[in-house]
Amino acid sequence: MNDPDHKGHKAGGRLILWLAIAVGIAAILLYIFASRVAEPASEQRAPLNEVQPTAR
């Protein structure tokens, strides 16, 4: 698998480069989701099993 291609480059190095790029993109998307899309813990609604004070 680690045989050089017709230009003399090793396939393993190219694979590591593509994996690093993919992990970087995934990390950026996860950061964007966590910071903008997901609700912060302080703004989350009450659990469903809690009764509202007005309903008691």
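We count residues from 1, following the sequence as given. Just so it is clear, the structure is predicted and the values come from calculations on it, not from any experiment.
The CZ atom of Phe33 sits 8.0 Å away from the CG atom of Leu30 when rounded to the nearest 0.5 Å.
For Leu19, the side-chain contact (heavy atoms from CB on, under 4.5 Å) partners are Leu15, not counting sequence neighbours.
Grouping the Ile, Leu, Val, Met, Phe, Trp and Tyr side chains by contacts below 4.5 angstrom, directly or via other members, places Ile32 apart from Ile25.
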